[in-house]
Enquirer: 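I am attaching a structure below and will ask some questions about it afterwards.
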Amino acid sequence: MRAFTFERASSVVVAAKAAAANPQAKFIAGGTNLLDLMKLEIETPTHLIDVNGLGLDTIETTADGGLRIGALVRNTDLAAHEIVRRDYGLLSRALLAGASGQLRNKATTAGNLLQRTRCPYFYDTNQPCNKRTPGSGCSAIGGYSRQHAVVGVSDACIATHPSDMAIAMRALDAVVETVKADGSRNAIPIAAFHRLPGETPQIETVLDQGEFITAVVLPQPLGGKQIYRKVRDRASYAFALISVAAVIQPDGTGRVAVGGVAHKPWRVEAAEAELPKGARATASMLLADARPTEQNRFKVDLVERTLGAVIAEARG
């Protein structure tokens, strides 16, 4: 790990200004992803800004009946919160499917959204990786790609987004609230928050330099049957081969977002009109532009089968 300087931010704006002034600065809260990347010298910040003391660790109802989740709410506390369990069960189930109890005790809401891919080539500094070193190439293309993306890919990157929480947030139409260095505030729909790789896979979100997440807001509860189903190589502490986050209403309509298949949480609203017809019609629209490799082609069928199991469970 390389040497770095450290400060504790006294306010949200101070934190944003400090990060905006230094392109090599990083915010740190739980550190469950950042510290690992620093140890491997994948992330090499020269300055860390501790944001744990900013009081962004509360969960509050909004005036229109939704829920505002502070950026520093720990995953364990969010999953266990009474309102989340009652009204946003999809989110609670997704959180409990991720990582381990120890990591959930430290990981934060904002950090979960910002975690970086677990592509093995990204983590291996001896291998070319456009996310780590832009322009160096993508070792996963033509390499071992079983875990990788099948849709929304580019010739520069086929990595997947690792978060379980973000998949549920996408199905629930969350909004990410931020503050910039000039004190201005922004509200970003989660549909627009994460980027597809294109030619710049190292740019993973739409955040500006120094822009600081303060909260995630959920709209009014959707009701219906809320299910999160994660398919992985082992029963715990593993990232998804694919995951399905679904909200199914009694009439068979609903929403569905898929994880483990793209560089961002994957949802195609037009495909949701097919839910009453079943998993095959819905999955074919969800993955209409899929470009799988020979090694991960099975994910296309796995999405359909997992969605079918979710629809069957929703119907009882």
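All values below come from the heavy atoms of this structure, side chains included, with hydrogens, waters and symmetry mates left out. Given the structure is predicted, the values throughout are model-derived calculations rather than measurements. Heads up: numbering here begins at 1 and tracks the sequence.
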Enquirer: Please answer whether the main-chain N or O of S136 pairs with a side-chain N or O of T133 as donor and acceptor at a distance below 3.5 Å.
Expert: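 Side chain of T133 to backbone of S136, a donor-acceptor pair under 3.5 Å: no, none is there.
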Enquirer: Between E274 and R280, is a salt bridge (Lys or Arg N to Asp or Glu O under 4.0 Å) present by the stated rule, with each step listed?
Expert: CA-CA 9 Å; E274 304 297 315; R280 177 166 296 179; over 6 Å; no
Enquirer: Give a yes or no on this: more than 12 heavy atoms of other residues, nucleotides or ligands lie within 6.0 Å of atom CG of D155.
Expert: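 Counting neighbours around CG of D155, 12 or fewer heavy atoms of other residues, nucleotides or ligands fall under 6.0 Å, so no.
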Enquirer: Classify the side-chain pair Q24/H47 by whether it contains a donor and acceptor separated by less than 3.5 Å.
Expert: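 No.
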Enquirer: Just wondering, more than 12 heavy atoms not from K230 lying within 6.0 Å of its NZ?
Expert: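 For K230, atom NZ is crowded (more than 12 foreign heavy atoms under 6.0 Å).
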Enquirer: How close do V247 and G223 get, counting heavy atoms only, and between which atoms?
Expert: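 Where V247 meets G223 most closely, the heavy atoms are CG1-O, 3.4 Å.
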Enquirer: Are the side chain of R2 and the backbone of K39 linked by a donor-acceptor contact shorter than 3.5 Å?
Expert: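 The answer is no, because no donor-acceptor pair under 3.5 Å joins these two groups.
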Enquirer: To the nearest 0.5 Å, what is the distance between CG on L91 and NE2 on H81?
Expert: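 Spacing of CG (L91) from NE2 (H81) equals 11.5 Å.
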Enquirer: Do any N or O atoms from the side chain of N33 and from the backbone of R116 form a donor-acceptor pair under 3.5 angstrom?
Expert: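 Present.
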Enquirer: Could you tell me whether a side-chain N or O of Q209 sits under 3.5 Å from a main-chain N or O of A20, the two making a donor and an acceptor?
Expert: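 A pair under 3.5 Å: no.
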Enquirer: Under 4.5 Å between side-chain heavy atoms, counting indirect links through other Ile/Leu/Val/Met/Phe/Trp/Tyr residues: same cluster for I213 and M165 or not?
Expert: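 In one cluster: yes.
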Enquirer: Taking all non-hydrogen atoms of both residues into account, name the closest pair between I59 and D77 and its distance.
Expert: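 Looking at all heavy atoms of both residues, the closest pair is CD1-O, 4.5 Å.
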Enquirer: Does N130 use its side chain to pair, donor to acceptor, with the backbone of G137 at less than 3.5 Å?
Expert: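 Indeed, once roles are kept as given, a pair shorter than 3.5 Å links the two residues.
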Enquirer: Is there a donor-acceptor contact under 3.5 Å from the side chain of T44 to the main chain of E41?
Expert: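 Judged by distance alone, no pair lies under 3.5 Å.
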Enquirer: Quick one: list whatever passes ring pair (Phe, Tyr, Trp, His ring centres under 6.0 Å) with F122, sequence neighbours left out.
Expert: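 Here no residue qualifies.
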Enquirer: Do F239 and Q147 have side-chain heavy atoms sitting under 4.5 Å apart?
Expert: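 No, their side chains stay 4.5 Å or more apart.
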Enquirer: Is the CZ atom of R85 crowded by more than 12 outside heavy atoms at less than 6.0 Å?
Expert: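 Result for CZ/R85: open.
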Enquirer: Quick one: does I28's side chain get under 4.5 Å of V51's, heavy atoms only?
Expert: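 I28 does not reach V51 side chain to side chain.
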Enquirer: Is the distance between the ring centroids of H194 and H263 under 6.0 Å?
Expert: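 No - the distance between ring centres of H194 and H263 does not fall below the 6.0 Å cut-off.
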Enquirer: Look at atom CG of D233 and say whether more than 12 heavy atoms of other residues, nucleotides or ligands are closer to it than 6.0 Å.
Expert: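 Yes.
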Enquirer: Assess the residue pair R195 and V206 against the criterion (side-chain contact (heavy atoms from CB on, under 4.5 Å)); give the C-alpha distance rounded to whole Å, side-chain angles, the decisive distance to 0.1 Å, and a yes or no.
Expert: CA-CA 7 Å; R195 291 167 47 106; V206 297; 4.0 Å; yes
Enquirer: Under a 4.0 Å threshold between the charged nitrogen and the carboxylate oxygen, would E177 count as salt-bridged to R185?
Expert: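 Between E177 and R185 there is no salt bridge, as every charged N stays at least 4.0 Å from the carboxylate O atoms.
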Enquirer: Does one side chain, of T293 or N296, offer a donor that lies under 3.5 Å from an acceptor on the other?
Expert: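 Result is yes, a qualifying pair exists.
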Enquirer: Do L218 and L90 share a hydrophobic cluster (ILVMFWY, side-chain heavy atoms under 4.5 Å, transitive)?
Expert: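 In one cluster: yes.
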Enquirer: Assess whether a salt bridge exists between K131 and E204, defined as any Lys/Arg side-chain N lying under 4.0 Å from an Asp/Glu carboxylate O.
Expert: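 Result for this pair is yes, salt bridge flagged.
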Enquirer: Could you work out, with ring pair (Phe, Tyr, Trp, His ring centres under 6.0 Å) as the rule, every residue matching F212, not counting sequence neighbours?
Expert: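 With sequence neighbours excluded, F212 shows a ring pair (Phe, Tyr, Trp, His ring centres under 6.0 Å) to F27, given in chain and number order.
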Enquirer: Any idea which heavy atoms bring Q220 and Y88 closest together, and the distance?
Expert: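 Minimum heavy-atom separation between Q220 and Y88: C-OH, 3.8 Å.
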Enquirer: How long is the span from the CD1 atom in I311 to the OG1 atom in T306, to the nearest 0.5 Å?
Expert: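 Between I311 CD1 and T306 OG1, I get 11.0 Å after rounding to 0.5 Å.
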Enquirer: Is there a continuous path of hydrophobic side-chain contacts, each under 4.5 Å between heavy atoms, that joins L302 to V244?
Expert: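 L302 clusters together with V244.
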Enquirer: How close do A16 and V179 get, heavy atom to heavy atom, and via which atoms?
Expert: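 Looking at all heavy atoms of both residues, the closest pair is CB-O, 4.1 Å.
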Enquirer: Under the rule for salt bridge (charged side-chain N to carboxylate O under 4.0 Å, His left out), what residues qualify as partners of E313, not counting sequence neighbours?
Expert: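 Salt bridge (charged side-chain N to carboxylate O under 4.0 Å, His left out) list for E313, sorted by chain: R229.
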Enquirer: Does any part of the side chain of T58, heavy atoms only, come nearer than 4.5 Å to the side chain of V73, both counted from C-beta?
Expert: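 Not touching, per the 4.5 Å side-chain cut-off.
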Enquirer: For the pair K299 (side chain) and H148 (backbone), establish whether a donor and an acceptor sit closer than 3.5 Å, ignoring hydrogens and angles.
Expert: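 Judged by distance alone, yes, a pair lies under 3.5 Å.
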Enquirer: State, with a plain yes or no, whether a side-chain heavy atom of T32 is found less than 4.5 Å away from one of N112.
Expert: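 No, every pair of side-chain atoms sits at 4.5 Å or beyond.
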Enquirer: Which distance, rounded to the nearest 0.5 Å, do you find between the CG of L54 and the CD1 of I49?
Expert: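 It comes to 10.5 Å.
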Enquirer: Could you tell me if the side chain of L34 sits less than 4.5 Å from the side chain of L48, heavy atoms only?
Expert: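 Heavy-atom side-chain distance check passes, below 4.5 Å.
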Enquirer: Please list, chain by chain and in numerical order, all residues satisfying salt bridge (charged side-chain N to carboxylate O under 4.0 Å, His left out) with R232, sequence neighbours excluded.
Expert: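 Partners of R232 by the salt bridge (charged side-chain N to carboxylate O under 4.0 Å, His left out) criterion come out as none, since no residue qualifies.
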Enquirer: Whether the T61 and R68 side chains hold a donor-acceptor pair (N or O, under 3.5 Å, no angle test) is what I'd like checked.
Expert: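 No, no side-chain donor-acceptor pair sits under 3.5 Å.
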Enquirer: Evaluate side-chain contact (heavy atoms from CB on, under 4.5 Å) for M285 paired with V268, printing each intermediate quantity in order.
Expert: CA-CA 8 Å; M285 284 194 68; V268 178; 5.6 Å; no
Enquirer: Treat each ILVMFWY residue as a node, draw an edge where side-chain heavy atoms are under 4.5 Å apart, and state whether V176 and L72 are in one component.
Expert: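 No; L72 is not reachable from V176 via cluster members.
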Enquirer: For a quick test of reading the model, state the closest non-hydrogen atom pair linking A281 to S284 and the distance between them.
Expert: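 Looking at all heavy atoms of both residues, the closest pair is O-OG, 2.8 Å.
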Enquirer: Within this structure, what is the NZ-CD distance for the pair K180 and E211, rounded to the nearest 0.5 Å?
Expert: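 It comes to 5.0 Å.
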Enquirer: Hey, mind stepping through K264 and R170 against side-chain contact (heavy atoms from CB on, under 4.5 Å) and telling me if it holds?
Expert: CA-CA 10 Å; K264 61 185 289 185; R170 179 67 182 92; 5.8 Å; no
Enquirer: Less than 4.5 Å apart, side chain to side chain, heavy atoms only: is that true for F298 and L241?
Expert: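 Yes; the side chains approach each other to less than 4.5 Å.
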Enquirer: Okay, side chain of N52, backbone of A29: is any donor-acceptor separation there less than 3.5 Å?
Expert: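 Yes, the answer is positive, given that a donor and an acceptor are paired below the 3.5 Å cut-off.
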Enquirer: Is any side-chain heavy atom of V217 closer than 4.5 Å to a side-chain heavy atom of T62?
Expert: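 A side-chain contact exists here, since the closest heavy-atom pair is under 4.5 Å.
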Enquirer: Quick check: do L207 and T178 have side-chain heavy atoms less than 4.5 Å from each other?
Expert: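 Yes - at least one pair of side-chain heavy atoms lies under 4.5 Å apart.
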Enquirer: Begin from the C-alpha positions of D173 and R255 and carry the test salt bridge (Lys or Arg N to Asp or Glu O under 4.0 Å) through to its verdict.
Expert: CA-CA 10 Å; D173 275 339; R255 299 180 182 181; 3.2 Å; yes
Enquirer: According to a hydrophobic-cluster definition based on side-chain heavy atoms being under 4.5 Å apart (Ile, Leu, Val, Met, Phe, Trp, Tyr only), do L67 and V175 belong together?
Expert: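 The answer is no; the residues belong to distinct hydrophobic clusters.
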Enquirer: Please check if the side chain of S163 supplies one atom and the backbone of L113 the other of a donor-acceptor pair under 3.5 Å.
Expert: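 No; zero donor-acceptor contacts below 3.5 Å.
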Enquirer: In Å, rounded to the nearest 0.5 Å, how long is the span from CG of L95 to CG of D164?
Expert: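 Atom-to-atom, L95:CG and D164:CG are 8.0 Å apart.
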Enquirer: R291 vs V151, test: side-chain contact (heavy atoms from CB on, under 4.5 Å). Steps then yes/no.
Expert: CA-CA 6 Å; R291 290 170 49 190; V151 68; over 6 Å; no
Enquirer: Hey, could you give me the CG/OG distance between L78 and S92, rounded to the nearest 0.5 Å?
Expert: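 L78 atom CG to S92 atom OG measures 7.5 Å (nearest 0.5 Å).
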Enquirer: Could you tell me whether the side chain of T200 and the main chain of Q202 form a donor-acceptor pair under 3.5 Å?
Expert: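 Side chain of T200 to backbone of Q202, a donor-acceptor pair under 3.5 Å: no, none is there.
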Enquirer: Is atom CD of E199 surrounded by more than 12 heavy atoms (other residues, nucleotides or ligands) closer than 6.0 Å?
Expert: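 Atom CD in E199 is not crowded, with 12 or fewer foreign heavy atoms closer than 6.0 Å.
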Enquirer: Salt bridge (charged side-chain N to carboxylate O under 4.0 Å, His left out) with R118: which residues, sequence neighbours excluded?
Expert: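 With sequence neighbours excluded, R118 shows a salt bridge (charged side-chain N to carboxylate O under 4.0 Å, His left out) to no residue whatsoever.
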Enquirer: Which residues pass the salt bridge (charged side-chain N to carboxylate O under 4.0 Å, His left out) test with R305, sequence neighbours left out?
Expert: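 Residues passing salt bridge (charged side-chain N to carboxylate O under 4.0 Å, His left out) with R305: none at all.
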